[in-house]
J.: 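Dropping a structure here in structure tokens format, bear with me for questions.
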Protein chains: 2
Amino acid sequence: MADDRLSLVFSALADPTRRDIVARLAAGDATVNELAEPYEVTVQAVSKHIKVLEDAGLVSRSRDAQRRPCHLEAEVFDLMTKWIERYRRKAEDRFLRLDALLGQMGEQPATDTQGKEAAS
Amino acid sequence: MADDRLSLVFSALADPTRRDIVARLAAGDATVNELAEPYEVTVQAVSKHIKVLEDAGLVSRSRDAQRRPCHLEAEVFDLMTKWIERYRRKAEDRFLRLDALLGQMGEQPATDTQGKEAAS
DNA sequence: AAGGTATTTAACCAAGTGGTTGAATATGAG
DNA sequence: CTCATATTCAACCACTTGGTTAAATACCTT
């Protein structure tokens, strides 16, 4: 239902096992078997996890004999960071403007404009 | 299955409708009905989406008569950014070291070390 | 008290997910 | 060719998810 890139990336990272795999790949490339070793689940399950990461563009793979080494694609992180920063900045700007507004109002009567800003 | 905070946050943002809601809340607080208006789904469905965002700590709510205004909690973004930056930095450092290594090797015979760096 | 608006809860359904086991494929080693 | 290793595919299962409709709750207005 959500097959756009950002959805795939967030969805992929919503699973702690997959985040752990990403964390380990950040330290260096690894094969499916190597990645599967620390977990109690079957290697097939880990293979599926890797496929999810691959579909999201977080991981790429090469061929080394029977092995399929996994490599972390760092650029995809930029996609997330960009999205996150965009709205965080908006929210913070709004917060700062509100803050300034409250500062202004401190020097005035301040009547019916309460209740909404009290939340922050 | 994944009830830690980061999983909840990533999972919440994996849905495009919920990301859209976050985007709109970044511009200002809004009620459930206001948020539901642009979509074709029922207001109950949107109410569920908001609950997911709330459980993830991305949204907080207050009370205004019958209304329950939603407010974007920007701090949670830091949690994500921290996680992302941590592993992106690791991956980039590793990439830079590889780059330096390849630079060194450029002054030497350079035999079987090709094919891996071509991807970047 | 009665009615209207805003929101949530409950029960249900189709589709998706993470796991399993068992069989298939791909490649290197004898 | 045969065997072992590495990985994937297929079928299945329990559970979750995003949606629905119908009913309940919360609060204001008259």
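Since the model is a prediction, treat every value here as computed from it, not as a measurement. By convention in this document, chain letters (A, B, ...) are assigned in the order of the sequence lines, proteins followed by strands, and residues within each chain are numbered from 1.
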J.: So, using side-chain contact (heavy atoms from CB on, under 4.5 Å) as the criterion, who are the partners of Glu34(A) when residues are at least two apart?
T.: Ala30(A), Thr31(A)
J.: Indicate every side-chain donor-acceptor pair of residues 38-46 of chain A with a distance under 3.5 Å to a residue at least two apart or in another chain.
T.:
from	atom 1	to	atom 2	distance (Å)
Tyr39(A)	OH	Asp20(A)	OD2	2.6
Tyr39(A)	OH	Arg24(A)	NH1	3.2
Thr42(A)	OG1	Ala45(A)	N	3.3

J.: Without swapping roles, check the side chain of Arg61(B) against the backbone of His71(B) for a donor-acceptor pair under 3.5 Å.
T.: no
J.: Need the bend value for the helix from dA1(C)-dT30(D) to dG30(C)-dC1(D): angle between end axes, 5 pairs each end, nearest 10°.
T.: 10°
J.: Have a look at Thr31(B) and say if it touches a base, only the backbone sugar-phosphate, or nothing, with a 4.0 Å heavy-atom cut-off.
T.: sugar-phosphate
J.: Quick one, which residues of residues 38-58 of chain B touch DNA chain C with a heavy atom under 4.0 Å?
T.: Gln44(B), Ser47(B), Lys48(B)
J.: Measure across Leu8(B) and Ala56(B) and return the closest heavy-atom pair with its distance rounded to 0.1 Å.
T.: O-CB, 3.6 Å
J.: How would you list, by chain and number, every residue that makes a salt bridge (charged side-chain N to carboxylate O under 4.0 Å, His left out) with Glu85(A), sequence neighbours excluded?
T.: Arg88(A)
J.: Who pairs with Glu73(B) by side-chain hydrogen bond (donor to acceptor under 3.5 Å, both in side chains), at least two apart in sequence or on another chain?
T.: Ser60(B)
J.: Would you please name every residue forming a side-chain contact (heavy atoms from CB on, under 4.5 Å) with Arg97(A), sequence neighbours left out?
T.: Asp93(A), Arg94(A)
J.: Between Arg63(A) and Arg18(A), which is nearer to the 5' end of DNA chain C once each is assigned its nearest nucleotide?
T.: Arg18(A)
J.: Who passes ring pair (Phe, Tyr, Trp, His ring centres under 6.0 Å) against Phe77(B), sequence neighbours left out?
T.: none
J.: Taking only residues two or more places apart in sequence, or in another chain, which ones meet Arg68(A) in a salt bridge (charged side-chain N to carboxylate O under 4.0 Å, His left out)?
T.: none
J.: Do any N or O atoms of the protein come closer than 3.5 Å to N or O atoms of nucleotides 2-5 of chain C, and which pairs are they?
T.:
none

J.: Which residue pairs pass the side chain to side chain donor-acceptor pair (under 3.5 Å) test with at least one member in residues 48-58 of chain A, sequence neighbours excluded?
T.: Arg18(A)-His49(A), Lys51(A)-Asp55(A)
J.: From the set dA26(C), dG18(D), dT7(C), return the single nucleotide nearest to any side-chain atom of Arg68(B).
T.: dT7(C)
